[in-house]
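Below is one structure; the comments refer to it alone.
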Number of protein chains: 2
Amino acid sequence: MKCLTDTTEERIKEAAKTVFLEKGFDGTTTRDIASAAGINSALMNYYFRSKEKLFQSIFNDVCTLMFEGMLELINQPISLRDKISKLMDHQFQMMMQNPNLTIFIMNELRLNPERLYGTLGMAKQVPESIFHQQIEDAIAQGIITPIDSDHILTMIIANIQFLFVSKPMTMLAQGLDEAGFNAFATRHMEYVKDMICEYLFKPESVT
Amino acid sequence: MKCLTDTTEERIKEAAKTVFLEKGFDGTTTRDIASAAGINSALMNYYFRSKEKLFQSIFNDVCTLMFEGMLELINQPISLRDKISKLMDHQFQMMMQNPNLTIFIMNELRLNPERLYGTLGMAKQVPESIFHQQIEDAIAQGIITPIDSDHILTMIIANIQFLFVSKPMTMLAQGLDEAGFNAFATRHMEYVKDMICEYLFKPESVT
DNA sequence: AATCGTTTTGATCAATTGATTAAATTTTTT
DNA sequence: AAAAAATTTAATCAATTGATCAAAACGATT
């Protein structure tokens with residue numbers, strides 16, 4: 001699949017990403033990574049100094065993957081309604097492709113809060129975004145229910161992300177297979193979109 | 001604090017629960033547990049045959065703690081509005097007391113899906129509850145928006161649980177301390193309650 | 001106090017862990 | 001092609017892991 005820059009370093013990172021995401025930091029051995037990458041296990045320490053350093057590198061990449069698209073969208077000059085809809089679509093597609101991205105990140109942050117400092121830059125950008133200003137303006141104009149942008153973002157993210165955080169549980173409780181879950185998730189998204197939009201844009205403006 | 005049945009076995013289980021919840025299964029060593037319980041590390045294998053067996057015991061307890069209250073509420077003969085409100089309050093209080101209960105459970109299930117079989121009993125009860133019937137009746141009577149009860153439960157759970165799953169991230173992004181987060185969470189709960197109820201009970205009945 | 005069953009301990013096991021080393025191999029430069 | 005630098009390997013290290021065992025300590029019963 002990936003043809004560009006097929007260096008050994010990249011091969012190790014790809015393998016490490018796969019294994020770390022599947023087993024977590026504590027559940028992964030350096031030999032797991034080495035065998036997944038098809039290399040001698042000493043080679044990992046040649047390129048990255050240690051398991052911890054390699055993990056940090058992967059973790060940064062994964063956090064970027066998680067946040068960069070969202071941050072871009074948040075700062076785009078489009079209407080609030082559009083923005084909210086696109087934010088949800090973007091996250092949904094991201095999670096359909098990487099179903100355990102969020103639980104991996106959240107759990108590693110919980111186990112080792114120092115990793116937060118790596119994501120500090122991205123996290124801090126959210127409260128100071130165009131989105132935030134748009135919300136305040138819309139409230140001032142009486143277009144949407146008065147509510148802080150942090151709460152709106154939390155609503156958007158929570159309703160999508162938790163769907164995937166709890167995916168195994170949901171599949172069991174409802175007796176779904178992979179396809180069944182995807183159908184459920186897709187349907188749920190529509191409900192959530194309606195719910196959030198109807199809540200925000202409550203006093204419906206003139207047609 | 002706990003005075004009843006202060007047996008060695010209980011001491012081990014309490015210590016194990018604390019350590020497992022903090023560090024996860026892979027991040028916990030049997031010596032961690034032994035020292036937290038103040039016992040010789042061989043004693044753990046005397047009462048529980050292995051680390052895995054001890055974990056299963058803890059994991060069952062934790063899942064019960066998570067679901068039993070919710071299942072009780074779901075089957076109570078109270079009005080739908082009341083039930084939804086109480087469901088959210090109950091979960092919120094539970095999570096305020098055990099902030100990483102959910103992420104622990106969801107992550108361990110992800111790492112080792114076989115653990116699901118232990119929770120199968122509880123999970124299966126949800127779709128066959130009084131709550132489910134209440135929703136169908138309310139829809140038939142045109143009281144609430146037509147939507148499957150699975151989606152409603154997912155909305156309720158997601159909006160609360162993800163608040164705590166993402167707690168470290170939220171605190172960082174908004175620069176909150178413990179008290180600040182609790183205030184944010186409490187406020188968020190009110191918004192979410194409003195949002196869900198307004199969405200469900202949309203065509204407001206006669207006063 | 002002697003005996004028996006239960007509980008607890010210290011010592012230790014084999015396996016696995018992350019990491020290092022020196023040597024072998026490949027690639028680049030001269 | 002020779003020399004130098006970069007990459008890769010096999011072998012091995014010390015530390016930690018989950019688990020076991022025989023012996024010690026404890027408590028109850030006789």
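Residue numbers begin at 1 in each chain, while the letters A, B, ... track the order of the sequences.
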- Give a yes-or-no answer on whether the side chains of A:Gln76 and A:Lys83 include a donor-acceptor pair shorter than 3.5 Å. no

- Would you kindly give the CD1-to-P distance between B:Ile12 and C:dT7, to the nearest whole Å? 11 Å

- Message: Looking at A:Glu178 and A:Lys167, is any side-chain nitrogen of the basic one under 4.0 Å from a carboxylate oxygen of the acidic one?
- Response: yes

- Query: Rounded to the Å, how far apart are B:Asn45 CG and D:dA19 P?
  - Reply: 6 Å

- Message: For residues 106-125 of chain B, which residue pairs pass the ring pair (Phe, Tyr, Trp, His ring centres under 6.0 Å) check, not counting sequence neighbours?
- Response: none

- Query: Once you round it to whole Å, what is the distance between C1' of C:dT16 and NZ of A:Lys51?
  - Reply: 12 Å

- Using whole Å, report how far NZ of B:Lys53 lies from C1' of D:dT20. 15 Å

- Message: Restricting to ring pair (Phe, Tyr, Trp, His ring centres under 6.0 Å), what partner residues turn up for B:His132, sequence neighbours left out?
- Response: none

- Item | Inter-end axis angle, the helix from C:dA1-D:dT30 to C:dT30-D:dA1, with every axis fitted to five base pairs (rounded, 10 degrees) | 10°

- DNA chain C-proximal residues of residues 24-35 of chain A, any heavy atom under 4.0 Å: A:Thr28, A:Thr29, A:Thr30, A:Arg31

- Query: Hey, is A:Lys193 close enough to A:Asp89 for a salt bridge, meaning N to O under 4.0 Å?
  - Reply: yes

What donor-acceptor contacts under 3.5 angstrom involve side-chain atoms of residues 33-47 of chain B, with partners at least two apart or in another chain?
{"from": "B:Ser35", "atom 1": "OG", "to": "B:Asp32", "atom 2": "O", "distance (Å)": "3.4"}
{"from": "B:Asn40", "atom 1": "OD1", "to": "B:Ala42", "atom 2": "N", "distance (Å)": "2.8"}
{"from": "B:Asn45", "atom 1": "ND2", "to": "B:Arg49", "atom 2": "O", "distance (Å)": "3.2"}

- Which is it for B:Glu22 and B:Phe104 under the side chain to side chain contact (heavy atoms under 4.5 Å, CB included) test, yes or no, and what are the steps along the way? CA-CA 8 Å; B:Glu22 187 189 333; B:Phe104 168 75; over 6 Å; no

- Rounded to the Å, how far apart are A:Gln56 CD and C:dG18 P? 15 Å

- Message: For A:Phe184 and B:Asp150: C-alpha separation, side-chain torsions, deciding distance, then whether side chain to side chain contact (heavy atoms under 4.5 Å, CB included) applies.
- Response: CA-CA 9 Å; A:Phe184 175 80; B:Asp150 293 329; 3.9 Å; yes

Grab the N/O contacts between the protein and nucleotides 7-9 of chain D below 3.5 Å, and write none if there aren't any.
{"from": "D:dT7", "atom 1": "OP2", "to": "A:Tyr46", "atom 2": "OH", "distance (Å)": "2.9"}
{"from": "D:dT8", "atom 1": "OP1", "to": "A:Thr8", "atom 2": "OG1", "distance (Å)": "2.9"}
{"from": "D:dT8", "atom 1": "OP2", "to": "A:Thr8", "atom 2": "OG1", "distance (Å)": "3.4"}
{"from": "D:dT8", "atom 1": "OP2", "to": "A:Tyr47", "atom 2": "OH", "distance (Å)": "2.6"}
{"from": "D:dT9", "atom 1": "OP2", "to": "A:Asn40", "atom 2": "N", "distance (Å)": "3.1"}

- Can A:Asp26 and B:Lys23 be counted as an ion pair, charged N to O under 4.0 angstrom? no

- Query: Any sub-3.5 Å donor-acceptor pair from B:Ser85's side-chain atoms to B:Arg81's backbone N or O?
  - Reply: no

- Task: Run the salt-bridge test on B:Arg115 and B:Glu52 with the 4.0 Å N-O cut-off and return the result as yes or no.
- Result: yes

